[in-house]
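In what follows, a single structure is set out as structure tokens and then discussed.
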Amino acid sequence: MTTLNNPKESPRALAILASFLASESAGGIVLMGAALAAIIVANSPMASLYFAALHSVWGGLSIELWINDGLMAIFFLMVGLEIKREVLAGGLASWGQRALPGFAAAGGMLIPALIYVGANWGNAETLSGWAIPAATDIAFALGVLSLLGKRVPASLKVFLAALAILDDLGAVTIIALFYSTGLNLPMLGASFATLAVLIVMNRMGVQRLLPYLLLGLLLWFFVLQSGVHATLAGVALALCIPLGTRQEEARSPLLFLEEKMHYWVAFAVVPVFGFANAGVSLSGITLGNLVDPVPLGVALGLFVGKQIGVFVAAALAIRSGLATLPEGSNWTQMYGVALLCGIGFTMSLFIGNLAFPGAAHLIDEVKVGVLMGSILSAVVGVLLLRSRLCRP
């Protein structure tokens, strides 16, 4: 039996913990645990304390807003770093490499949005949530896929990662174009001026990270006040941080920052967001509520729309000769991965908050729809990928 007083067991326990944290599935598992904890707390005697804490104000913003506008800016900084690295020197560096995940990501955003619009047609209040089922959760989806081990070829994991990164880029664009309201022009001007300084620093070859990060904080404040969602400051900052050349890779500011941020984002930022946003009270929810337009549109968009959009768009790209089937994979495995793309947890919840500001009942419906669609996608995707149909 392991005890705190047994020093021989400590190195073993630390080795097990280190091995877990280094695994591809760790981030997704921790996020799942945070989401489950939020649902349990929101339906326990601690529910009033949970919701009161989220709405308590500190420094002019509620704790919930500090998480969604502040901590998530760090998440979006990480997303931006990944996008820049992959496009300039990674799996998306050429048009040939971008074709398959690009087509799949586009189809996987379009079809879910259309399904949501169809379910909410004629309801002006809820139509603004059309983008909620359009995003794939990279941590959740890759975490679930990695649990399957060697049953899935490495090429499909690369495909899913590239698709999710392009998916995130699409989500960032949607947020910038459709979920920015009440613009404050002086603050918007200050944001562009700060961004211009960052671009000049990049062009001048400034390699030290500290000036970028300090200006990034200033940029985040200006964007927060401008009416554009503050998390976009994270993406803008990431695109200004130098990647460097192959010869400079060992001292690349971008790679260094991405490496240092990875564990903090995976095991702190995203789980905290999940815990703060997945909590929904299930009291009073009936089977009839599950087919209300918002939860139905979100769930069908994620579970049905994602698999159809991703698979059909990928198949068209392959059949037309623009792309090839990932090495060592078959069509059934491709369809299983398309199913996993319906896991839309983090970004879907985030867009739901933007789509329905101040409408707590609609945000709760979004949470129910996201949970239904994501769980169905994960379960059915895993069952298919574990089945005999996917064996080579």
Heavy-atom side-chain contact between [X] and [Y] under 4.5 Å:
| X | Y | value |
| --- | --- | --- |
| Leu302 | Ser348 | yes |
| His229 | Leu354 | yes |
| Leu385 | Leu145 | yes |
| Leu290 | Pro295 | no |
| Cys341 | Leu160 | yes |
| Leu77 | Val235 | no |
| Trp121 | Thr126 | no |
| Phe275 | Tyr50 | yes |

Could you state the interatomic distance from [atom1] ([X]) to [atom2] ([Y]), rounded to the nearest 0.5 Å?
| X | Y | atom1 | atom2 | result |
| --- | --- | --- | --- | --- |
| Leu166 | Met109 | CG | CE | 10.0 Å |
| Lys260 | Leu209 | NZ | CG | 11.0 Å |
| Leu339 | Gln307 | CG | CD | 4.5 Å |
| Glu259 | Leu257 | CD | CG | 10.5 Å |
| Tyr335 | Phe311 | OH | CZ | 7.5 Å |
| Leu254 | Cys240 | CG | SG | 11.0 Å |

request  = Assess whether side-chain contact (heavy atoms from CB on, under 4.5 Å) is satisfied between Val152 and Gln333, documenting all intermediate values.
outcome  = CA-CA 7 Å; Val152 179; Gln333 289 172 326; 5.7 Å; no

key: Phe76 and Phe350 aromatic ring geometry - parallel, tilted or perpendicular at 30°/60° bounds   =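 Tilted: the ring planes of Phe350 and Phe76 meet at 30° to 60°.
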
inquiry  = For a quick test of reading the model, state the closest non-hydrogen atom pair linking Pro271 to Val30 and the distance between them.
reply    =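 So the two residues come closest at CG-CG1, 3.5 Å.
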
task = Might you work through the side-chain contact (heavy atoms from CB on, under 4.5 Å) test for Leu61 and Leu224, ending with a clear yes or no?
result = CA-CA 11 Å; Leu61 295 176; Leu224 176 67; 4.3 Å; yes

Please check if atom [atom1] in [X] has more than 12 non-hydrogen atoms from other residues, nucleotides or ligands closer than 6.0 Å.
| X | atom1 | value |
| --- | --- | --- |
| Phe51 | CZ | yes |
| Phe256 | CZ | no |
| Trp264 | CH2 | no |

Linked, directly or transitively: [X] and [Y] (ILVMFWY side chains, under 4.5 Å):
| X | Y | answer |
| --- | --- | --- |
| Trp331 | Leu163 | yes |
| Val158 | Leu100 | no |
| Ile74 | Leu213 | yes |

task = May I have the step-by-step check of side-chain contact (heavy atoms from CB on, under 4.5 Å) for Asn202 and Ile241, ending in yes or no?
result = CA-CA 7 Å; Asn202 178 288; Ile241 292 175; over 6 Å; no

Residue pair Ser377 / Lys306, side-chain donor-acceptor N/O under 3.5 Å = no

query = salt bridge (Lys or Arg N to Asp or Glu O under 4.0 Å): which pairs involve residues 124-144, sequence neighbours left out?
reply =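 Listed by first then second residue: nothing to list.
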
task = Could you tell me whether the side chain of Asn43 and the main chain of Ile39 form a donor-acceptor pair under 3.5 Å?
result = yes

inquiry  = Between Trp58 and Ile63, is the side-chain contact (heavy atoms from CB on, under 4.5 Å) condition met? List the steps.
reply    = CA-CA 7 Å; Trp58 181 77; Ile63 298 299; 4.2 Å; yes

